[in-house]
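Labels below follow one simple rule: chain letters A, B, ... track the order of the sequence lines, proteins then strands, and each chain is numbered from 1. We use all heavy atoms of the structure for the numbers below, so side chains are in, but hydrogens, waters and symmetry mates are not.
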Protein chains: 2
Amino acid sequence: MAQEISISVIKRLPRYYRFLENLKDNGIVRISSKELAERMGLTASQIRHDFNCFGGFGQQGYGYNVPELYTKIGKILCVDAGVKTILIGAGNLGKAVASKIFTRQSGFKLVGIFDKNEAISGKIIQGIPVRHTNYLENFCIDNQPVCAVICIPSNDMKELTDMLCRLGIRSFWNFSNFDIAMAHPEVLVENVHLTDSLMTLSFLTSSSKEELEKISSAE
Amino acid sequence: MAQEISISVIKRLPRYYRFLENLKDNGIVRISSKELAERMGLTASQIRHDFNCFGGFGQQGYGYNVPELYTKIGKILCVDAGVKTILIGAGNLGKAVASKIFTRQSGFKLVGIFDKNEAISGKIIQGIPVRHTNYLENFCIDNQPVCAVICIPSNDMKELTDMLCRLGIRSFWNFSNFDIAMAHPEVLVENVHLTDSLMTLSFLTSSSKEELEKISSAE
DNA sequence: TAGATTGTTAATCGATTAACAATC
DNA sequence: TAGATTGTTAATCGATTAACAATC
């Protein structure tokens, strides 16, 4: 009987997917939860528990078939969905992020790029021309994108996300510090807070060893 | 009596810091855990519990003094440490990340940028010239950086991180998929796995509503 | 003083780990 | 069949929430 799926399990799936892709590419066809656990720094128990949320992927006495498991997790993650996606902000971060979306089997398909800087209008990124933000509304009406990637600062984000939600955007990959999920509880949001990540590292790097030991013991 | 500090508390600190900065900038000098909880989408209980890990920041019957709390959390996060930091990889991602490190009070100070692409050697990013990777070893011997930011693909990362660890690097901000923490258990690593984040969003965006309901109920 | 709100402990909830029967 | 390893339940552990005494 399959277990309940929790958000913590889902957050581990992409990492499983990467490791399995690597094993597959190295011609490994079979792996036990024990060996995968060693490679990934997890417990065998957790791996079996995680995979079991989605139904029996393994075989008793044998283990898991790597290519099969890889394909199944890919299906769960909907890597072939090709969700129509727009990118707002074509600075360095936007360009870097565009290449991630463009990656084969990311689950998304980049269909439009927008920036308020007129100087870069018409420039081509990942095969897509940069449009001025003025054209955003009409573009959405015409093309009905489902996902928006936010690579601009937080100023005036409320207006922008209000508009995008009104135009049918249902999910956000948010690199700004604006809290889209609080402003729009009805949409799906995945945040990448670079400054938060950096400050966490600052704490870890600059705290005294004694302080860190207190933490690692609880980790 | 102060509570134990856990990694989950620490991961919340930068967000508290951002919210408090915003409150401070808007001239708000006093806030209760209840009101802060409403603004941040947390429980008042959790906020009091979190702050109490680091000692009493508030006053019964009054609440918390915003500028004071902001300063104290900044101290805990060591935002003024100015840890000497090098950046490996000066592509779009590297450039975007350099600007984050350059931000006032990130806790870090960018002292060197390296890239294996000779064509961009000498280019200036955030006031720092890009050097060819060949100079990395000598630069570290001369300048003793403590933190390295990895903005290159995973290929041959083992060799690179071996060298950096040997040269005294003690913490990594890792944007590659190479698992530094598994290869070097002695160093501190903060990972930003953009592809993992994107695939999590793919799951959330493309899964059926029924599936998501099962999850949100457990969230 | 009375009201408000913290600090702190206890209760609850959920996630991870351990154990083992099922079965390949 | 015997050995290996999963699927699954129970036990443990940790994090969050609730409650309330302390106190400003």
Undergrad: Quickly work out the Phe57(A) CZ to dC24(C) P distance and round it to whole Å.
TA: 17 Å
Undergrad: Which of the following nucleotides, dT16(D), dG7(C), dT6(D), is nearest to the side chain of Tyr64(B)?
TA: dG7(C)
Undergrad: For dT6(D), does either OP1 or OP2 sit under 4.0 Å from a side-chain N or O belonging to Arg48(A)?
TA: yes
Undergrad: Between Ser207(B) (side chain) and Leu204(B) (backbone), is there a donor-acceptor pair under 3.5 Å?
TA: no
Undergrad: I need the single residue from Asn177(A), Asp196(A), Asn191(A), Asp179(A) that forms a side chain to side chain donor-acceptor pair (under 3.5 Å) with Arg15(B). Which is it?
TA: Asp179(A)
Undergrad: Identify whether any heavy atom of Phe51(B) sits under 4.0 Å from a base atom; if not, whether one sits that close to sugar-phosphate; answer base, sugar-phosphate or nothing.
TA: nothing
Undergrad: Are any side-chain N or O atoms of Thr71(A) and backbone N or O atoms of Pro67(A), one a donor and one an acceptor, separated by less than 3.5 Å?
TA: yes
Undergrad: In this structure, how many angstroms lie between the C1' atom of dG7(C) and the CZ atom of Phe54(B), rounded?
TA: 15 Å
Undergrad: Taking only side-chain N and O atoms of Arg12(A), does any of them lie within less than 4.0 angstrom of OP1 or OP2 on dA15(C)?
TA: no
Undergrad: What is the distance, rounded to the nearest whole Å, between atom CD of Glu68(B) and atom C1' of dT6(C)?
TA: 14 Å
Undergrad: State whether the distance check finds a donor on one side and an acceptor on the other, under 3.5 Å, for side chain Ser45(B) versus base dA18(D).
TA: yes
Undergrad: For a quick check, tell me whether the side chain of Gln60(A) and the base of dT5(D) share a donor-acceptor pair closer than 3.5 Å.
TA: no
Undergrad: Counting side-chain heavy atoms from C-beta on, which of dC24(C), dT16(C), dT17(D) comes nearest to Thr43(B)?
TA: dT17(D)
Undergrad: Give a yes/no answer on whether the side chain of Gln46(B) brings an N or O atom under 4.0 Å of OP1 or OP2 in dT16(D).
TA: yes
Undergrad: Looking only at side-chain N and O atoms, does Tyr62(A) come under 4.0 Å of OP1 or OP2 in dG7(D)?
TA: no
Undergrad: Expressed in angstrom and rounded to an integer, what is the separation of Glu35(B) atom CD from dT5(C) atom P?
TA: 10 Å
Undergrad: Could you tell me if Asp80(A) and Gln105(A) have a donor-acceptor pair between their side chains, going purely by distance under 3.5 Å?
TA: yes
Undergrad: Partner of dA10(C) by Watson-Crick or G-U wobble geometry, both contacts under 3.5 Å, or none?
TA: dT17(D)
Undergrad: Tell whether Ser6(A) reaches the base of dA15(C) with its side chain through a donor-acceptor pair below 3.5 angstrom.
TA: no
Undergrad: Whom does dT23(D) pair with, Watson-Crick or G-U wobble, provided both distances fall under 3.5 Å?
TA: dA4(C)
Undergrad: State, without any angle test, whether Thr43(B) and Ser45(B) hold a side-chain donor-acceptor pair at a distance under 3.5 Å.
TA: no
Undergrad: Counting heavy atoms from C-beta on, name the nucleotide in dT5(D), dT17(D), dA10(D) closest to the side chain of His49(B).
TA: dT17(D)
